[in-house]
Amino acid sequence: MSLVIRNGTAFIGAKFVRKDILIDDGKISSIGVNLKGDEAIDATDYLVLPGLIDPHVHLREPGDVYKEDFATGSRAAIAGGFTTVMDMPNNAIPTITKARLEEKTRLAKEKAVCDVLFHFGGTDDNFEEVKKADPQSMKLYLGHTTGNLVLKDPASMEKHFRGFPKERQIVLHACDHSDVEEVNLEKTYATIEGAVASAKKINRRIHLAHASTGHEIALAKTYGRCTVEVAPHYLFLSTKDAERLGRLGKVYPPLKSEQKKLSLWKALPQADCIATDHAPHTIEDKEKGAAGFPGLETSLALMLQGYERGLLDMEWIIGRMSSNVADIFGLKGRGRLEKGGVGDITVLDPKEEWKVDGTELQTKCRWSPFEGMELKGKVHTVVKDGEPIYQEYEFK
Ligand code: NCD
Ligand code: ZN
């Protein structure tokens, strides 16, 4: 069966152009005008995007499936326009051995409706397991967060930097979360400087997770092989919101002052990609002090606010949620609408207005720090491997 997505405004070669996309056998077989297929989707009023890629999610399986699992988390991804997500290793049962990676891979294959890739956790003593597991990417925790995955030996980071293939990516959690902003930022900046110096010395690529201030981006960009991601909540929420949200407002890195939020907007053009850091917790766990926000279903529409307010180009936003992520993580055939590429396509209705309502979300946690916010731009259709699995704003 072939499928044509007709008359849409498609993101091709970093520009928007009016083109049809034909998918055959799960792959993009042709891009042109007046294309014909067995089935058609009319995208006249819509933007046709490569399936978006989120490099930073916590789908919680195995270990904490009461918070999220591969079925609910991947449905949240699709509803948010993401056809590929990269899952973090800080599960209650951490992903730090070959067996754990294989288990996650199997569970995701069984249950997920989008593609799930995995960052493998590095510890102070799993260097041999890294070699055995041979993962596509790694994550190193240089500071504490949800779970117990943290490097304690200061020599471990560089040992992983040297041991892991240089062309593959190592993602760094550099944030500290001491209560006082000046203290956590000072520590975070020092950690980033140390990591950059070490990576520079051995000429390896690294990727900085969830920058929450402009200065973190500036520090990352002192090294040409360090890429950096920003999560939308640091652009749209501040300590003012944290006060309003109470325990629901806790997240690592912590939300920053209004002034720091503006510094992040200012440095944003230098950021390499957008990541949701989708980190669902139940309301009960939030009441007990859990840190993290769900983000898969709000991130695209939030970034589009940047466009609505005249701060960001649409091309910039979409590139940083698709092709740039693919390039950073070496994901061939994804993140671009091109012949031979995977038939993963997100059709966005840029005019549809909606209000965030946690109870309507696909994520198991069913709340959002953006509750009640009015947004514009909604995922209309998602095609996964050539199959329309989400249509008219709903799962089929
Ligand atoms: C994440 C989680 O809950 O797994 N929490 C968060 O506040 N971002 C962990 C993390 O990304 O640090
Ligand atoms: Zn995270």
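Residues: numbered from 1 along the sequence shown. All figures in this text were calculated on a predicted structure; none of them were measured in a lab. Both ligands and their constituent atoms are indexed starting at 1 by order of listing.
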Heavy atom of the protein closest to [atom] (residue, atom name, distance):
atom                    : result
atom 9 (C) of ligand 1  : Thr145 OG1, 3.1 Å
atom 11 (O) of ligand 1 : His58 NE2, 3.1 Å
atom 5 (N) of ligand 1  : Ala291 O, 3.1 Å
atom 2 (C) of ligand 1  : Thr146 OG1, 3.1 Å

Pairwise side-chain contact, Pro62 with Lys104, heavy-atom cut-off 4.5 Å (strictly under):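 They are in contact (side-chain heavy atoms under 4.5 Å apart), so the answer is yes.
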Non-hydrogen side-chain atoms of Thr227 and Asn324 separated by less than 4.5 Å: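 Thr227 does not reach Asn324 side chain to side chain.
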Any N or O of Ala279 closer than 3.5 Å to N or O of ligand 1: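 Looking only at distances, the answer is no, because the N/O contact criterion of under 3.5 Å is not met.
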Arg320 atom CZ: more than 12 heavy-atom contacts under 6.0 Å: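 Correct, the count exceeds 12.
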Looking at [Y] and [X], is there a salt bridge between them, counting it only when a charged N and a carboxylate O are closer than 4.0 Å?
X      : Y      : answer
Lys159 : Asp153 : no
Arg106 : Glu102 : no
Glu387 : Lys384 : no
Asp64  : Lys364 : no
Asp125 : Lys152 : no

Geometric class of the His210/His56 ring pair [parallel <30°, tilted 30-60°, perpendicular >60°]: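 Tilted, since the angle between the ring planes falls between 30° and 60°.
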Which ligand 1 atoms are under 4.0 Å away from a heavy-atom of [X]?
X      : result
His173 : 12 (O)
Val251 : 7 (O)
Asp277 : 8 (N), 11 (O)

Atoms of type N/O/S from protein, distance to the Zn ion (ligand 2) below 2.8 Å: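 For the Zn ion (ligand 2), protein nitrogen, oxygen or sulfur atoms under 2.8 Å: 3.
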For ligand 1, the portion of Lys250 having any non-hydrogen atom under 4.0 Å away: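 Answer for Lys250: neither.
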Structural part of Met88 in contact with ligand 1, heavy atom criterion under 4.0 angstrom: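 Answer for Met88: neither.
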same_hphob_cluster(Met86, Val382) at 4.5 Å side-chain heavy-atom cutoff: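 No, because Met86 and Val382 fall into different hydrophobic clusters, even though each may have its own neighbours under 4.5 Å.
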Identified side-chain contact (heavy atoms from CB on, under 4.5 Å) counterpart of Thr213 within the set Thr188, Leu185, Leu219, Leu264: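 So, applying the side-chain contact (heavy atoms from CB on, under 4.5 Å) to Thr213 and each of Thr188, Leu185, Leu219, Leu264, only Leu185 qualifies.
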Proximity flag His281 to ligand 1, non-hydrogen atoms under 4.0 Å: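 The answer is yes, since His281 has a heavy atom less than 4.0 Å from ligand 1.
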Within-shell test, Arg60 vs ligand 1, heavy atom, strictly < 4.0 Å: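 Flag set, Arg60 near ligand 1.
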Passing option when Lys67 is tested against Thr72, Thr282, Asp285 for side chain to side chain donor-acceptor pair (under 3.5 Å):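 It is Asp285, the one option of Thr72, Thr282, Asp285 that forms the side chain to side chain donor-acceptor pair (under 3.5 Å) with Lys67.
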Selected option - heavy-atom contact closest to atom 6 (C) of ligand 1, from Phe293, Tyr141, Tyr252: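 Answer by nearest heavy atom: Tyr252.
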